[in-house]
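Heads up: the structure comes next, in structure tokens.
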There are 2 protein chains.
Amino acid sequence: MEAETANATDAFGIPVIPVIPSSSEAVRRKRRAIADAAAAEFLAEGFAAASMDAITSRAGVSKATVYKHFGTKERLFLAVIAGLLRETCAGHEPRASALAEAADLRAALIALTRDRAVLLLRPDVMALRRLVIGEIDRFPQLGRLWYRVTYDRYDGPLVEACTELARRGQLDVPDPVLAVQQLVAVTAGVPQLVHTFAPGTGRDPAELTRVVTSGVDLFLARYAAS
Amino acid sequence: MEAETANATDAFGIPVIPVIPSSSEAVRRKRRAIADAAAAEFLAEGFAAASMDAITSRAGVSKATVYKHFGTKERLFLAVIAGLLRETCAGHEPRASALAEAADLRAALIALTRDRAVLLLRPDVMALRRLVIGEIDRFPQLGRLWYRVTYDRYDGPLVEACTELARRGQLDVPDPVLAVQQLVAVTAGVPQLVHTFAPGTGRDPAELTRVVTSGVDLFLARYAAS
DNA sequence: GTCTATACCGCGATAGAC
DNA sequence: GTCTATCGCGGTATAGAC
């Protein structure tokens, strides 16, 4: 009844790389080196153009070792990119209470959306986003995972907070889900749209603050309780 | 002084495919067949994974013919994708006057942004967008061209219209460029963000109208003249 | 477990007949 | 101009020694 672990995937269709119980420190370091090298290669070249030879070179291991650990190029790609996705968004979830309990709602919204924009505009995050978007026809799991990681962890708490604020009469929000989408679109979404097609241009903190502030004021002009 | 036409590119870095003066009808049809086949293959597979053999098969010509006309895979890719980009956006520019002269500004904004959203959400346009985003590190020309085609042709007229409306006192817009970016983000940008990571899901016209209308109302709540 | 060496295939690009 | 046939290279994946 031993499961076929070589092709094992989780609920998202992301490969589960079996953890060898007797994992020595050297083995763990090699696996990490492979994952890091693969991440760099895939981010720079995309899936199809990435070379397994280049990955083994960068990692300082032989090709056979890579295939022993990860099976195929597809499995390596999915495991590594999904790992990047998860660790990128970890620790950046906004706490709904921080917004609902805030003394100055406008200031809290600005701080919150600005943090989000800074994260999304980081060059490595933008590169990861471009990679996922470009490969989405071949790896739809990554699209679903991205959606899940960003929307559930980020938009979800915001929707809760908006609902709570609406219940207390501090906001006038008929559709909290749509309102949160609009808030994100009008703050982080604006510079993101520009940077998506022009990598590595003009990331001026002051300009970002101006855009985010304007977006929050736009949001509040409609949704602040009268 | 005859220029080297084999590597010729235009101001954007897009290859200029020399038009043979004595182009017979059969030759023109073959070239079109190659371009169509290449577009389908590149959109489905991306640049690196696309096969020149598959393109020649689809087009019903030999490989030598493709190379005679387009030189290399890179040049074929750039020429074909840039062509798609240009023809996709052709005829969809909003006329600034249509907005400035509108009797009902709100209705005009809704119609305008809804048309834009319908265009951007078309499956073929979304696929093209994903391709350009995914290949932007290797073909930054396409990013610049996309930016130019969409922003100059679309946002530009809107900025003019907003400036005109502000001058007449019908809008209160301190920064027209930012305001237009916000308008687009909060209308077409909202469903686009969702569809980017979940291809081929839920394109309900009524829902789109609801989202766009809400976005326009959000825009007007801040920028309508008091 | 990890290495070296290699099998095997499909790729982009070209030569030369017609 | 267009074809068929082919070249050379680099790809993924594996076999077998240690």
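Chain letters run A, B, ... following the sequence lines, proteins first and then strands; every chain starts at 1.
Atom NZ of K68(A) and atom C1' of dA17(D) are 14 Å apart (whole Å). The separation between Y67(B) atom OH and dA5(D) atom C1' is 15 Å, rounded to whole Å. When rounded to the nearest whole Å, the span between CZ of F47(A) and P of dG11(D) equals 13 Å. Between the CE atom of M52(A) and the P atom of dT14(D) there is a distance of 11 Å, rounded to whole Å. In this structure, CD1 of I55(B) is placed 14 Å from C1' of dA13(C), rounded to the nearest angstrom.
Closest heavy-atom contact between P199(A) and I136(B): CG-CG2, 3.8 Å.
Counting any heavy atom pair closer than 4.0 Å across all strands shown, A48(A) reaches no nucleic acid atom. At the heavy-atom level, A54(B) lies nowhere under 4.0 Å from the strands shown.
Taking every side-chain heavy atom of S62(A) into account, dT4(C) is the closest of dT14(D), dT4(C), dT2(D). Comparing atom distances between the H69(A) side chain and each of dA13(D), dT2(C), dG1(D) picks out dT2(C) as nearest. Nearest to the side-chain atoms of K63(A) among the listed nucleotides dC3(C), dA13(D), dT14(C) stands dA13(D). Checking dT14(D), dA13(D), dT2(D) against the side-chain heavy atoms of T72(A) singles out dA13(D) as nearest. Distances from the side chain of S51(B) to the nucleotides dC3(D), dT2(C), dG12(C) place dG12(C) closest. Across dT4(D), dC3(C), dG11(D), the shortest atom-to-atom separation from the side chain of D53(A) is found for dG11(D).
Taking the six-membered ring wherever Trp is involved, the centroid distance between the rings of F197(A) and Y147(B) does not fall below 6.0 Å.
Using a 4.0 Å cut-off on heavy atoms, the residues of residues 30-45 of chain A that approach DNA chain C are K30(A), listed by number.
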Only pairs under 3.5 Å count here: list side-chain donor-acceptor contacts from residues 54-61 of chain B, not counting sequence neighbours, and write none if there are none.
from	atom 1	to	atom 2	distance (Å)
T56(B)	OG1	M52(B)	O	3.4
T56(B)	OG1	D53(B)	O	2.7
S57(B)	OG	D53(B)	O	3.3
R58(B)	NH2	E41(B)	OE1	3.4

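With respect to the salt-bridge test (charged N to carboxylate O, under 4.0 angstrom), the residues R148(B) and D10(B) do not qualify. The residues E207(B) and R210(B) are annotated as salt-bridged, a charged nitrogen and a carboxylate oxygen being separated by less than 4.0 angstrom.
Looking at T209(B), its side chain does come within 3.5 Å of a backbone N or O of P205(B) through a donor-acceptor pair.
With a 6.0 Å cutoff to the six-membered ring centre and a 45° limit on the axis angle, R138(A) does not count as a cation-pi contact of F47(A).
The side chain of K73(A) places an N or O atom within less than 4.0 Å of a non-bridging phosphate oxygen (OP1 or OP2) of dT12(D).
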